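Quick notes on the structure that follows.
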Amino acid sequence: MNRLTLYNTLTRKKETFEPLHPPFTGLYVCGPTVYGDAHLGHARPAITFDIVYRYLLFSGYKVRYVRNITDVGHLENDADEGEDKVEKKARLEKLEPMELVHKYVESYHRNMEMLNVKTPSIEPFASGHIIEQIEMIKNIIERGFAYISNGSVYFDIDKYKKHYPYGKLSGRNTEDALTQTRELEGQNEKKSPNDFALWKKAAPEHIMRWTSPWSYGFPGWHIECSAMSRKYLGEVFDIHGGGMDLLFPHHECEIAQSVGSCGKEPVRYWMHNNMLTINGQKMGKSLNNFITLDALFTGTHPLLEKPYSPMTIRFYMLQGHYRNPLDFSNSALQDAEKALAKLGNAFAILQEMKWEKPDAIHDESEKRLTGFEQECTDAMNDDFNTPRVIAAMFNVTGIVNDFRNKGFKNGVSEKTFDSFKKNFIAFFTDVLGLKREITDANGDKRINEMIAAFTNAREKAKQEKDYKLADSLRNILLQFGELKDTPTGPVFKLRIN
RNA sequence: GGUCCUGUGGCCGAGGGGCUAGGCAGAGGUCUGCAAAACCUUGUACGGCGGUUCGAAUCCGCCCGGGACCUCCA
């Protein structure tokens with residue numbers, strides 16, 4: 001049996017994955033705070049953990065995948081002061097907070113679907129779990145790790161540190177943080193600047209607020225993940241994922257909250273994806289280089305030379321390892337676009353290919369196709385190494401193309417071919433979640449007729465050696481898809497997206 | 001300043017003490033009305049200086065460069 005290993009941020013080592021209750025396993029990933037359109041930065045963790053989810057399923061696990069939506073409590077800055085992000089944006093857009101949340105959740109879902117990111121098993125909203133959050137805060141207070149101050153509740157880091165280690169995930173100690181922390185206004189409610197809010201008393205103008213034992217208010221930013229992961233995955237669960245930027249303070253606080261409320265370490269394997277840069281530069285609001293996914297797909301951002309399809313983005317991200325930084329540039333994306341087209345071409349050929357009895361078995365091909373599955377699973381088992389899976393796939397495209405071009409004269413055995421075909425298709429579609437964006441136009445009869453009219457007209461022009469007309473007809477067709485002249489006649493495939 | 005990551009051929013990116021990564025571009029070729037596409041063949045490499053070792057791109061030290069978090073960001 002192949003063993004999956006993954007890099008655990010908690011131990012800074014690759015570890016063998018052993019779920020608590022096999023074959024069941026729980027995966028929790030920090031989803032977006034929905035106050036704007038999803039951008040490239042949201043795509044990376046979504047795709048990274050989509051791969052984790054897909055591969056766990058592929059490996060036979062029964063996975064419960066929880067990815068939350070944060071729609072309350074995430075403040076404009078992390079000093080536990082400032083405005084709620086959702087509420088501020090709602091005011092700017094003149095919408096009810098719930099209306100704004102709905103709008104951006106829809107947009108997020110649409111983008112994720114385009115990227116072929118599978119829907120999680122559960123997608124809980126922070127605002128839908130206020131009661132669970134209040135209960136958890138009560139637990140923390142009962143166990144003495146939080147205090148009430150002016151209607152707000154804060155986590156008591158100093159007290160917690162007397163019993164449990166704080167900072168073990170992010171590898172930092174609070175003494176350093178203390179000396180580095182700036183003086184921030186409104187921190188007088190806290191005993192120590194390291195303390196963080198579990199519950200905030202709402203100002204009178206605050207719309208999003210709920211009743212609680214302490215005040216009419218709202219939950220702090222970190223507590224929703226602790227409360228919801230516990231509710232759906234239990235006090236201790238297998239994998240928690242998110243972006244590296246969430247390591248501190250968000251995930252560190254999650255651990256403190258869970259341990260503070262029940263004494264148990266909540267997460268067995270912490271996984272973090274690395275960040276993105278654009279043209280070698282950090283993606284930041286002040287730099288105005290945040291590219292929304294919609295802008296990317298339509299090519300409307302000034303930094304973009306052209307639109308890039310969702311599959312190009314997905315493929316590009318999978319060409320790099322999730323724990324390394326990834327730089328976005330026009331040339332890199334255009335390279336990826338071409339590479340994916342090539343791989344997709346081999347995939348399409350293979351999909352339609354049937355085994356034929358070869359004159360002779362070609363040992364080298366036989367060997368490589370037989371080893372293909374192992375290469376792919378070895379790569380995936382090694383901390384979800386998608387770049388190596390992709391390399392393994394490119395390594396066999398030559399063989400596939402050879403079969404197509406030269407037939408099976410130097411072929412492989414039926415058993416080898418069938419199992420290879422099955423595996424290639426499985427890794428392409430199920431594990432990597434790729435799909436071709438070019439398709440046979442077999443859905444709409446009228447469109448097929450129109451395409452046939454164009455291709456037939458071009459063939460006629462070619463026969464009459466009216467190449468000028470033939471080329472202009474081809475140019476028209478190329479605007480809508482892919483046209484290939486094959487020995488058996490032209491084949492047109494419509495582009496979707 | 002603190003904590004951590006990283007430096008691979010023209011470019012992007014895996015690997016990680018001796019065993020071909022892969023892609024894009026470049027060069028040559030097949031096909032073709034031409035072109036494109038597709039396909040085939042093919043260089044160039046591990047930031048610098050020391051050390052460990054029979055052997056280092058891979059381990060260790062120092063130096064130089066890039067980045068992340070510590071402030072809103074996925």
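These numbers come from a predicted model, not from an experiment. The chains referred to below are lettered A, B, ... by the order of the sequence lines, with proteins before strands, and numbering in each begins at 1.
U44(B) sits 16 Å from C12(B) when the C1' atoms are compared, rounded to a whole Å. Look at the P atom in both U52(B) and G13(B): the space between them is 35 Å, to the nearest Å. Across the C1' atoms, G65(B) and C46(B) are found 16 Å apart, a figure rounded to whole Å. For A45(B) and C19(B), the P atoms lie 15 Å apart once the distance is rounded to whole Å. As rounded to the nearest Å, A57(B) and U8(B) have P atoms that lie 15 Å from one another. Comparing the P positions of C11(B) and A25(B) gives an interatomic distance of 16 Å, to the nearest angstrom.
Contacts classified as ring-ring contact (aromatic ring centres under 6.0 Å, His included) and involving residues 365-393 of chain A (residues at least two apart or in different chains) are given here: Phe372(A)-Phe420(A), Phe372(A)-Phe424(A). Residue pairs meeting the ring-ring contact (aromatic ring centres under 6.0 Å, His included) criterion with at least one member in residues 310-333 of chain A, sequence neighbours excluded, are Tyr316(A)-Phe328(A).
Contacts of Gly243(A) with the nucleic acid, taken as non-hydrogen atoms under 4.0 Å apart, involve only primed sugar atoms and P, OP1 or OP2. Within the 4.0 angstrom heavy-atom criterion, only backbone atoms of the sugar-phosphate kind lie near Ser170(A); the bases stay farther away. Residue Leu247(A) is classed as having no contact, given no heavy-atom separation below 4.0 Å to the nucleic acid. Among the protein residues, Leu276(A) comes within range of the nucleic acid bases, having at least one heavy atom under 4.0 Å from a base atom.
When the ring pair (Phe, Tyr, Trp, His ring centres under 6.0 Å) test is applied to Phe347(A), the partners found at least two apart in sequence or on another chain are Phe428(A). Qualifying ring pair (Phe, Tyr, Trp, His ring centres under 6.0 Å) partners for Tyr108(A), counting only residues two or more places apart in sequence or in other chains: none. Residues that satisfy the ring pair (Phe, Tyr, Trp, His ring centres under 6.0 Å) test with Tyr232(A), not counting sequence neighbours, are His129(A). Under the ring pair (Phe, Tyr, Trp, His ring centres under 6.0 Å) criterion, Tyr269(A) pairs with Phe17(A), not counting sequence neighbours. Annotation: salt bridge (charged side-chain N to carboxylate O under 4.0 Å, His left out) contacts of Asp294(A) (sequence neighbours excluded): none.
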I'd like a table of donor-acceptor pairs (distance under 3.5 Å, sequence neighbours excluded) in which one partner is a side-chain atom from residues 391-401 of chain A, with atom names and distances.
residue, atom, partner, partner atom, Å
Asn395(A), ND2, Ala391(A), O, 3.4
Thr397(A), OG1, Phe394(A), O, 2.8
Asn401(A), ND2, Thr397(A), O, 3.0

Enumerate, atom names and distances included, each donor-acceptor pair closer than 3.5 Å involving a side-chain atom of residues 471-478 of chain A, sequence neighbours excluded.
residue, atom, partner, partner atom, Å
Asp471(A), OD1, Arg474(A), NH2, 3.0
Ser472(A), OG, Leu469(A), O, 3.1
Asn475(A), ND2, Asp471(A), O, 3.3

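Distance NZ (Lys85(A)) to P (U71(B)): 14 Å, rounded to an integer number of Å. Taking atom CG of residue Asn330(A) and atom P of nucleotide C11(B), one finds them 18 Å apart after rounding to whole Å.
Nearest-nucleotide assignment on RNA chain B puts the 5′-proximal partner with Tyr7(A), out of Gly41(A) and Tyr7(A). Take the nearest nucleotide of RNA chain B for Gly398(A) and for Pro32(A): the residue whose nucleotide is more 5' is Gly398(A).
With hydrogens and angles left out, the side-chain atoms of Thr11(A) and Glu15(A) include a donor and acceptor closer than 3.5 Å.
Within a 6.0 Å radius of CD in Glu113(A), other residues, nucleotides and ligands contribute 12 heavy atoms or fewer.
Listed nucleotides: A14(B), G22(B), C69(B). Nearest to the side chain of Asn385(A): A14(B).
A salt bridge links Asp382(A) with Lys14(A): the distance from a Lys NZ or Arg NE/NH1/NH2 to an Asp or Glu carboxylate oxygen falls below 4.0 Å.
Of the residues in residues 317-325 of chain A, those lying under 4.0 Å from RNA chain B by heavy-atom distance are Gln319(A), Gly320(A), His321(A), Asn324(A).
In RNA chain B, runs of at least 3 consecutive Watson-Crick or G-U pairs, each pair with both distances below 3.5 Å, span B:1-7 with B:64-70, B:10-12 with B:22-24, B:26-30 with B:38-42, B:47-51 with B:59-63.
Base orientation of G66(B): anti (glycosidic angle beyond 90° from 0).
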### Task
Could you run through nucleotides 24-38 of chain B and give me one letter per nucleotide, 5' to 3': B if any protein heavy atom sits under 4.0 Å from the base, S if only the sugar-phosphate is that close, - if neither?
SS-------BBB--S

